[in-house]
Engineer: 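To start, I am sharing the structure in question, which I have written as structure tokens.
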Amino acid sequence: MATRIRPSSKRCAVIGGSGFLGRHLVERLVEKGYSVAVFDIAQRYDIPGVTFHQGDLCDKQALLKVLKDVSLVFHCASPSPACDDRTLFWKVNVEGTRSVIQACQEAGVQKLVLTSSASVVFEGADIKNGKEDLPYAKRPIDYYTETKIHQEKIVLEACNKEKDFLTVAIRPHGIFGPRDPQLVPILVDTARKGKMKFIIGDGTNLVDFTYVENVVHGHILAAEHLKADSPLCGKAYHITNDEPIRFWDFMSQVLVGLGYDAPRYHLPYALVYGIAILLWLITSLLRPLVNIKPTFTPMRVALAGTHHYYSCYRAKQDMGYQPVVRLQEAIARTVASYPHLKSGS
Ligand SMILES: NC(=O)C1=CN([C@@H]2O[C@H](COP(=O)(O)OP(=O)(O)OC[C@H]3O[C@@H](n4cnc5c(N)ncnc54)[C@H](O)[C@@H]3O)[C@@H](O)[C@H]2O)C=CC1
Ligand SMILES: CC(C)=CCC[C@@H](C)[C@H]1CC[C@H]2C3=C(CC[C@]12C)[C@@]1(C)CCC(=O)C[C@@H]1CC3
């Protein structure tokens with residue numbers, strides 16, 4: 001019987017490597033001496049030594065061509081939560097992830113590191129120092145979360161030491177940093193429309209915002225510690241900055257850093273949440289005629305008005321994780337990276 005020659009453990013692929021997190025991950029992997037193949041529906045940059053393969057992760061044959069000589073795969077592709085398209089989320093996050101697993105197994109990949117989300121346990125109620133053993137949300141607030149739950153389950157269930165195929169899931173929360181297309185741009189857009197005057201609730205709710213380099217660090221540690229005899233096999237790990245901050249203090253620091261006023265007036269949480277549900281219902285009903293994307297979705301209001309911060313004790317114990325960039329430094333670097341979004345520019 002022919003024996004399969006194992007590719008070097010430093011040959012990896014990043015599915016979703018053109019995105020915000022994916023690109024930071026690729027850059028760090030290259031710095032660490034990995035040889036990297038990116039698989040994504042779009043190519044948005046070029047780095048010497050990185051090969052790009054444009055394709056849809058739902059296409060197993062296209063994936064197979066890229067994965068056949070890698071030993072490690074990072075899967076950090078997903079449609080944006082803002083698209084609110086249930087069919088697309090199911091197709092990519094659930095069915096597509098099944099095809100990623102099959103392609104990995106057929107190609108002889110040994111390790112799969114999934115980017116999940118801490119939100120898989122969030123259903124709108126406060127979470128304080130949440131551990132990984134919290135149950136998955138029974139009633140997820142949006143389709144994105146619903147499919148991230150299914151995605152994480154199927155990846156963790158696929159972990160199989162006998163088949164030499166190991167999996168682990170990283171659950172980041174509130175990723176921010178240079179080139180993020182979501183957090184700072186949405187915040188600035190809301191401020192420019194004059195809608196950032198209000199604090200939802202009493203403004204004391206604590207939240208994790210995690211600097212992208214810490215998230216990258218968590219992914220690489222997970223990959224390097226994932227072995228058949230390690231506790232990581234088939235488990236999920238929170239990766240945060242380990243410095244929960246008031247949601248509204250974080251928003252205010254970014255806004256003030258970019259020259260905008262911090263929000264000042266308080267609105268009751270229940271009122272804004274109710275309005276967001278109503279708006280969501282109306283826009284869903286109108287969707288066949290007109291595609292309106294409201295700024296205030298129920299999920300966003302829940303994220304802005306409740307406590308949701310998580311323990312990363314398990315990652316510290318099992319893989320020696322510690323954040324590499326502290327929160328204040330991370331905010332300063334992020335603000336400095338968006339000169340084009342400063343007030344008046
Ligand atoms: N940004 C955040 O705050 C958080 C993100 N996550 C997860 O982190 C991962 C990365 O997120 P971001 O970098 O923020 O998103 P992003 O939107 O910047 O990157 C996602 C990438 O996936 C690619 N992609 C989408 N559909 C694809 C398909 N069918 N085939 C191949 N590639 C496809 C996109 O082209 C994009 O480059 C996602 O899985 C997301 O669920 C989890 C928690 C928080
Ligand atoms: C902590 C965490 C999981 C953050 C994820 C990123 C986004 C969901 C947030 C980034 C900017 C936020 C934001 C709002 C909600 C959550 C975000 C989109 C508001 C829409 C909340 C209501 C407001 O008053 C305006 C906010 C603008 C910024």
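All residue numbers refer to positions in the sequence shown, counting from 1. Just follow the structure's listing: the first ligand is 1, and inside any ligand the first atom is 1. Note: hydrogens, waters and symmetry copies are ignored here, and every other heavy atom, side chains too, is used.
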Engineer: Does ligand 1 have any atom that is closer than 4.0 Å to a heavy atom of Cys58?
Structural biologist: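 Checking ligand 1 against Cys58, which is what was asked, there is no heavy-atom contact under 4.0 Å.
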
Engineer: Name the option, out of Phe89, Phe20, Tyr144, that contains the heavy atom nearest to atom 6 (N) of ligand 1.
Structural biologist: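 That would be Tyr144.
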
Engineer: Which is closest to atom 13 (O) of ligand 1 by heavy-atom distance: Asn93, Ile170, Leu21, Val212?
Structural biologist: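 When every heavy atom of Asn93, Ile170, Leu21, Val212 is considered, Leu21 comes closest to atom 13 (O) of ligand 1.
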
Engineer: Relative to each other, are the rings of Phe198 and Tyr265 parallel, tilted or perpendicular (30° and 60° limits)?
Structural biologist: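 Aromatic pair Phe198/Tyr265 classed tilted.
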
Engineer: Can you tell me if Ser116 contacts ligand 1 (heavy atom of the residue under 4.0 Å from the ligand)?
Structural biologist: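 So Ser116 counts as touching ligand 1.
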
Engineer: With the threshold set at under 4.0 angstrom, would you say Phe176 reaches ligand 1 through any of its heavy atoms?
Structural biologist: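 It does not, in that no heavy atom of Phe176 comes within the 4.0 Å cut-off of ligand 1.
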
Engineer: Lys148 heavy atoms, cut-off 4.0 Å: which ligand 1 atoms fall inside?
Structural biologist: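 Near Lys148, meaning under 4.0 Å from one of its heavy atoms, ligand 1 has 38 (C), 39 (O), 40 (C), 41 (O).
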
Engineer: To which of Leu183, Asp40, Thr147 does the heavy atom nearest atom 34 (C) of ligand 1 belong?
Structural biologist: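 Looking at heavy atoms only, the winner is Asp40.
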
Engineer: Any N or O of Gly22 that comes nearer than 3.5 Å to an N or O of ligand 1?
Structural biologist: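 The answer is no, given that Gly22 and ligand 1 share no N or O pair closer than 3.5 Å.
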
Engineer: Please confirm whether the ring centroid of Tyr321 lies under 6.0 Å from the ring centroid of Tyr237.
Structural biologist: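 No: the rings miss the under 6.0 Å criterion.
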
Engineer: I'd like to check the side chain to side chain contact (heavy atoms under 4.5 Å, CB included) partners of Leu88; sequence neighbours left out, ordered by chain and number.
Structural biologist: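 Once residues adjacent in sequence are excluded, the partners of Leu88 under the side chain to side chain contact (heavy atoms under 4.5 Å, CB included) criterion are Pro79, Cys83, Asp85, Val92.
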
Engineer: Is the distance between the ring centroids of His173 and His308 less than 6.0 Å?
Structural biologist: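 Distance test on ring centres: under 6.0 Å, yes.
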
Engineer: Does the ring center of Tyr143 lie less than 6.0 Å from the ring center of Phe89?
Structural biologist: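 No.
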
Engineer: For Tyr211 and Arg326: C-alpha separation, side-chain torsions, deciding distance, then whether side-chain hydrogen bond (donor to acceptor under 3.5 Å, both in side chains) applies.
Structural biologist: CA-CA 8 Å; Tyr211 191 57; Arg326 305 309 297 163; over 6 Å; no

Engineer: With a 4.0 Å cut-off on heavy atoms, is Arg44 touching ligand 1?
Structural biologist: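 The answer is yes, since Arg44 has a heavy atom less than 4.0 Å from ligand 1.
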
Engineer: Below 4.0 Å from ligand 1: does a non-hydrogen atom of Pro172 turn up there or not?
Structural biologist: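 The answer is yes: ligand 1 sits under 4.0 Å from a heavy atom of Pro172.
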
Engineer: Given the rule in the side-chain hydrogen bond (donor to acceptor under 3.5 Å, both in side chains) test, do Thr97 and Gln151 qualify, once you have shown the distances and angles that lead to the verdict?
Structural biologist: CA-CA 7 Å; Thr97 296; Gln151 179 190 52; 3.1 Å; yes

Engineer: Measure up the His307 and Tyr309 rings against each other and bin them: parallel (under 30°), tilted (30 to 60°), perpendicular (over 60°).
Structural biologist: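 Rings of His307 and Tyr309: perpendicular, over 60°.
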
Engineer: Out of all atoms in ligand 1, which are within 4.0 Å of some heavy atom of Gly19? Include the element for each.
Structural biologist: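 The list of qualifying atoms is 18 (O), 19 (O), 36 (C), 37 (O).
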
Engineer: So which of Leu114, Asn214, Ile239, Leu21 actually passes side chain to side chain contact (heavy atoms under 4.5 Å, CB included) with His219?
Structural biologist: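 For His219, the side chain to side chain contact (heavy atoms under 4.5 Å, CB included) check succeeds only for Leu21.
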
Engineer: With a 4.0 Å cut-off on heavy atoms, is Gly55 touching ligand 1?
Structural biologist: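 Checking ligand 1 against Gly55, which is what was asked, there is a heavy-atom contact under 4.0 Å.
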
Engineer: Any N or O on Ile175 sitting closer than 3.5 Å to an N or O of ligand 1?
Structural biologist: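 The answer is yes, given that Ile175 and ligand 1 share an N or O pair closer than 3.5 Å.
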
Engineer: Can you figure out which of Ala82, Gly174, Ser78 has its heavy atom closest to atom 25 (C) of ligand 1?
Structural biologist: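 When every heavy atom of Ala82, Gly174, Ser78 is considered, Ser78 comes closest to atom 25 (C) of ligand 1.
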
Engineer: Once you restrict to heavy atoms under 4.0 Å, what part of Arg171 touches ligand 1? Side chain, backbone, both or neither.
Structural biologist: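 For Arg171, no heavy atom sits under 4.0 Å from ligand 1.
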
Engineer: Please confirm whether Phe39 and Phe52 have ring centers closer than 6.0 angstrom.
Structural biologist: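 No - the distance between ring centres of Phe39 and Phe52 does not fall below the 6.0 Å cut-off.
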
Engineer: Using a 4.0 Å cut-off to any heavy atom of Asp56, which atoms of ligand 1 qualify?
Structural biologist: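 Reading through ligand 1 atom by atom, the close ones are 28 (C), 29 (N), 30 (N).
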
